2 protein chains.
Amino acid sequence: MNNCSQHNLTGMMTKFTSACRKADLKVTHQRLEIYRELAQAEDHPAAEMLYKRISKRLPTISLDTVYRTLATFEKHGLISRVPTLESQARFEAKMARHHHVVCSKCGSISDFIWSGFDETHLPAQVADWGKVTRKNIVLVGICAACAR
Amino acid sequence: MNNCSQHNLTGMMTKFTSACRKADLKVTHQRLEIYRELAQAEDHPAAEMLYKRISKRLPTISLDTVYRTLATFEKHGLISRVPTLESQARFEAKMARHHHVVCSKCGSISDFIWSGFDETHLPAQVADWGKVTRKNIVLVGICAACAR
DNA sequence: CATGCTAAAGATAATTATTATCATATCAAG
DNA sequence: CTTGATATGATAATAATTATCTTTAGCATG
């Protein structure tokens, strides 16, 4: 399981650029780097973590830019925020349908797919609540590494 | 749907007290009030919110105590933390199996039950990951109130 | 290819959320 | 009641995120 290696990076970058254009977002050096870093990452990094990684290549970038850019991307549906139990927000660029397992010991997050679930329709009572736009499963447990 | 009124409060309080004793937790005035407030709440309040509510009755309580107490309760399985997309932790005392819908507009969280899902077994690939202890569904959407 | 409008970046600082430290107060066992 | 351990409150520190304001840089246009 664990975060099957993402399609191809260049493909994602091209799509990203055109999505930015369509959304009237300027394609800046920083945005490209932030998106690239997130698209490559397989660990659903927090803003701080992305900042550290990007800083190596782009030492002048500010943490603030990372936060703002992630918020912008999210608003435009280019990336998404992973539901967690911690108080630190975590992100991913992978937009294909999938779900998450989080290790309550080390905090690592992994992906898994479950099309059976995706296709099932929700219980009737949910319809009364409103309009559902996303269905996430969040499993919590102890990963194999932490178990020993 | 929306948070069916919790069993009976006195029953929950009695259970709570004995659970504390069993876990070697002192049954203090503050702990009782924090638990009571959370058990009554139907909105999955954050620590800050609980603090405000409790302060009315117990003006000397400190925010810090609320945080520490919630952490203690959670560690002992007396309450649980709700997975959200925000950076503020939210809690609930209801331990019966249920799932959550969150409104991406107003941030409100509601419960729903789905025993069909609870009974389904997870896809095989998850077993390789480790041992799952909790299965949460987090639906995101726009609640009826926000829709108009 | 130069220019100007506008959105984005960086610096700085403010907020918000949460956690640590330590002296004092309180629970519950004897 | 007294005692010993644990929890609380006060205070302050840290972590996470967001706001403000000036400067910089996309990019559409001439």
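What you see is a predicted model; the values in this text were computed from it and never measured. Proteins come first, then strands; the chains are lettered A, B, ... in the order of their sequence lines, and each starts at number 1.
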Cut-off 3.5 Å, no hydrogens considered: what does the side-chain donor-acceptor table look like for residues 14-26 of chain A, sequence neighbours left out?
{"residue": "A:T14", "atom": "OG1", "partner": "A:T10", "partner atom": "O", "Å": "2.7"}
{"residue": "A:T17", "atom": "OG1", "partner": "A:M13", "partner atom": "O", "Å": "2.7"}
{"residue": "A:S18", "atom": "OG", "partner": "A:K15", "partner atom": "O", "Å": "3.0"}

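Among residues at least two apart or in separate chains, salt bridge (Lys or Arg N to Asp or Glu O under 4.0 Å) pairs with a member in residues 95-104 of chain A are A:R97-A:D118. Annotation: side-chain hydrogen bond (donor to acceptor under 3.5 Å, both in side chains) contacts involving residues 72-83 of chain B, sequence neighbours excluded, comprise B:E74-B:R81. Residue pairs meeting the ring pair (Phe, Tyr, Trp, His ring centres under 6.0 Å) criterion with at least one member in residues 77-107 of chain A, sequence neighbours excluded: A:H44-A:H100, A:H98-A:H100, A:H99-A:F112, A:H99-A:F117.
In this structure the side chain of A:L122 reaches within 4.5 angstrom of the side chain of B:W114, judged on heavy atoms.
Here A:S104 pairs with A:V140, A:I142 under the side chain to side chain contact (heavy atoms under 4.5 Å, CB included) rule; sequence neighbours left out. Partners of B:V102 under the side chain to side chain contact (heavy atoms under 4.5 Å, CB included) rule, at least two apart in sequence or in another chain, are B:I109, B:V138. For A:S62, the side chain to side chain contact (heavy atoms under 4.5 Å, CB included) partners are A:D64, A:T65, not counting sequence neighbours. Taking B:H121 as the reference, nothing meets the side chain to side chain contact (heavy atoms under 4.5 Å, CB included) condition, with sequence neighbours excluded. Evaluation of the side chain to side chain donor-acceptor pair (under 3.5 Å) rule for A:R31 yields no partner, not counting sequence neighbours.
Taking atom OH on A:Y51 and atom C1' on C:dA9, their separation rounds to 13 Å, with Å as the unit. Whole-Å rounding puts the A:L58 CG to C:dA8 C1' distance at 14 Å.
Checking the phosphate oxygens (OP1, OP2) of C:dA11, no side-chain nitrogen or oxygen of A:S62 falls inside 4.0 Å.
One axis for each end of the helix from C:dC1-D:dG30 to C:dG30-D:dC1, each built from five base pairs, and the angle between them comes to 40° at 10° resolution.
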Per-nucleotide protein contact string for nucleotides 18-30 of chain C, where B marks a base within reach and S marks sugar-phosphate only (heavy atoms under 4.0 Å, - for neither): BBBB-----BS--
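Within 4.0 Å of B:T60, counting heavy atoms only, lie sugar-phosphate atoms of the nucleic acid but no base atom. Within 4.0 Å of B:T69, counting heavy atoms only, lie sugar-phosphate atoms of the nucleic acid but no base atom.
A 4.0 Å heavy-atom criterion places the boundary nucleotides of DNA chain D facing chain B at D:dG4 to D:dT17, written 5' to 3'.
When atom types are taken as modelled, the side chain of A:R90 and the backbone of A:D43 share a donor-acceptor pair closer than 3.5 angstrom.
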